[in-house]
Structures are given as structure tokens and as C-alpha cells.
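As C-alpha cells, the structure follows; a few thoughts come after it.
Each ligand, and each atom within it, is numbered from 1 in the order the structure gives.
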Amino acid sequence: MKHFLSISDMNTTEIMELLQEADTFSRGEQWKTTEPVFVANLFYEPSTRTKCSFEIAERRLGLELLPFEIGNSSVLKGETLYDTIKTLQSIGVKLAVIRHKQDHYYEQLINHVDLSIVNGGDGSGQHPSQCLLDLLTIKQEFGYFNGLNVLIVGDIVHSRVARSNYEALRKLGANVKFSGPRDWFDPTFLQTDYIEINQGIKEADVVMLLRIQHERHEQSAQFSKADYHIQYGLTLEREQQMKQGSIIMHPGPVNRDVEIASELVEGKRSRIFKQMENGVFARMAILKTILQNEKVVC
Ligand code: NCD
């Protein structure tokens, strides 16, 4: 694996191998590079969890992390993503984690640069490292994917998390359904995958909630926070209808009392903080796999 860009590029064997590696890290495996390898994280969109957990993963693997903040860089002087990456490559960076608002931003880079690219989220495209940590969390909980009912609720059309998870979970045999405002349902997904929220919640083993992606809406959302919560949020009443043993997930950042009742965020069913913990292990697995396969390190 040279790059880690999209779940669409991966088959189930590759996904399961990465999950196995991430699981091993979660059980305390230690692995460090034997020689200095320079990496940089370029976040053109805001991030807390993804950026910080990549940083922890990089440090735990012994990588040399270049401090790079878009707001203090030549991006502000008009430098393009392509020229920034070429610059970092010229000075010795071997791997870049990139988050960018443009869907498929990486296509302009991959045939023209030698360094490895890890997609930290592209617009409404994909978020494959989030997907891997979500899969790890589900696998730790249930031990399997085949036949599991996963309900993803919210701003589907704008969500890279929904897109990546939909693809990966379907490949692994899970039943994925969507709920939320009809207008935010992605028509490229099968129409039959849409389900009314109260029904969907009763059937689901995993209820995955999404933040409204306001930054990707052309017009501001037509709901007040309270309206959205009542119509499409995981309210305390809806949580009561969930199946025994079912869990709640959310990639974060959470807007309490909008997509989920505040009390449920740290409640018994919530795996939201477990997801964050697993983010480090998933990202260690991705980085290790690239570095070994590319023979950057042995
Ligand atoms: C998500 C993202 O950036 O796509 N967050 C994350 O990476 N943990 C979801 C979101 O921003 O709503």
C-alpha cells in the first residue's frame, strides 16, 4: 500500500488485515521505525480528533513529525496544495496526512509525487481512517459484521463518514440503512436503504449519528436545533426503543441535544469515546502498513 485514500480502493482482505493490525496495537503491540522518517499533517479544514490522533500515532511509531500549520504557511501566500506537497517532498518528507475541502483532492497529486498520502478526509468524499476506527469499534463489540444492522442517521449527502462506512460495511456483509431528513439522503445510494427513524432505531445493532455539515450546505439548514433533535435526533425516548446490546456511535464533534441527547453521549450504550481511543490504533496500523510496504523502513 503506497497511499491510503479511499475505501473504494480496498477489498475485504485488505480491510480485515488493517483491522487485525489495529486490533494488535489496541492490545499493546509496540512497533517503532528504526530510522528517521519525516511526516507532515496538513489540515486545510478544522480537526481535533483526526489530527491529534494521527499525531499521537506518528509519535508512538517513532516518526519525525514536522510542525505544519496551514495558518502560518505559504498557503496564505497563494501556494497550491500541489506545490506545498512538492515542497515538502523536496525537503525529505516521506508521508503526508492531508485533509482538504475538495472531494478527491488527492487525484491531482498521486501520479506526480513520490511521497505517500494518507487521506484525513476529502470534502464530502471519503474519510477512510475514521471508517477503520469505526470498524474496529464494531468488531470489538460484536466480533463480526455479517448480518449486523447499522443505521446511519443525519446529513448523509454531505458526510464523508457515511460514504466510507456505507461502502466498507456493505463489503463486509452488514445491512446499512439511512435515516434523517429526506433531502439529505444521497440519491447515489439505493433508495430502499432509507428507513423511517423510529423503525430504524428499533432494528439497529449500531446507531451511528452524524453532525449536520453546515460548512457544506449552500443554504443554511432549515431546522432549528430543537426541531432537528425532535425529528431526527437520538432522544432519550428513542434510545429506550433500541435493542438490547445495541450501541451508539458518532464520529465527533458532537452537538449535544441536536443529533444526540446530551445524557446519552457518556451513557451505557455510547462508544463515542471508545471510537476516539481506537482512532490512535487504527492510524498506527495505516502508517505502519504504508511504511513497511513502501520499504521506507523494515
Ligand atoms: C468528521 C469529519 O471531519 O468528517 N469528524 C472526524 O473526523 N472525527 C465528522 C464531522 O466533522 O462531522
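In this structure, the protein non-hydrogen atom closest to atom 4 (O) of ligand 1 is Arg160 NE, 2.7 Å. Atom 11 (O) of ligand 1 has as its closest protein heavy atom Arg211 NH2, 3.0 Å. Counting protein heavy atoms only, atom 8 (N) of ligand 1 is closest to Pro251 O, 2.9 Å. Protein heavy atom nearest atom 5 (N) of ligand 1, with residue, atom name and distance: Gly252 O, 2.8 Å.
Below 4.0 Å from some heavy atom of Gln130 lie the following atoms of ligand 1, by number and element: 6 (C), 7 (O), 8 (N). Atom numbering of ligand 1 starts at 1 in the shown order; those under 4.0 Å from a heavy atom of Thr50 are 6 (C), 7 (O), 8 (N). Atoms of ligand 1 lying under 4.0 Å from any heavy atom of Pro253, numbered from 1 in the order shown and given with element: 10 (C), 11 (O).
Within a 6.0 Å radius of NZ in Lys86, more than 12 heavy atoms belonging to other residues, nucleotides or ligands are found. Within a 6.0 Å radius of NZ in Lys2, other residues, nucleotides and ligands contribute more than 12 heavy atoms. By the 6.0 Å contact criterion, CD on Gln30 is open, its count of non-hydrogen atoms from other residues, nucleotides or ligands being 12 or less.
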Residue pair Arg256, Glu266: steps toward the salt bridge (Lys or Arg N to Asp or Glu O under 4.0 Å) verdict:
CA-CA 11 Å; Arg256 288 175 184 251; Glu266 285 145 274; 2.7 Å; yes
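Arg283 and Ser129 share a donor-acceptor pair across their side chains, judged by distance under 3.5 Å alone.
Nearest heavy atom pair, residue Arg163 against residue Val157, reads NH2-O, 2.8 Å. Between Gln140 and Lys274, the shortest heavy-atom distance links the atoms OE1-CE, 3.4 Å.
With a 4.0 Å heavy-atom cut-off, ligand 1 is reached by the side chain of Arg99 but not by its N, CA, C or O.
Distances from atom 7 (O) of ligand 1 to the heavy atoms of Gln213, His127, Glu259 show the closest one on His127.
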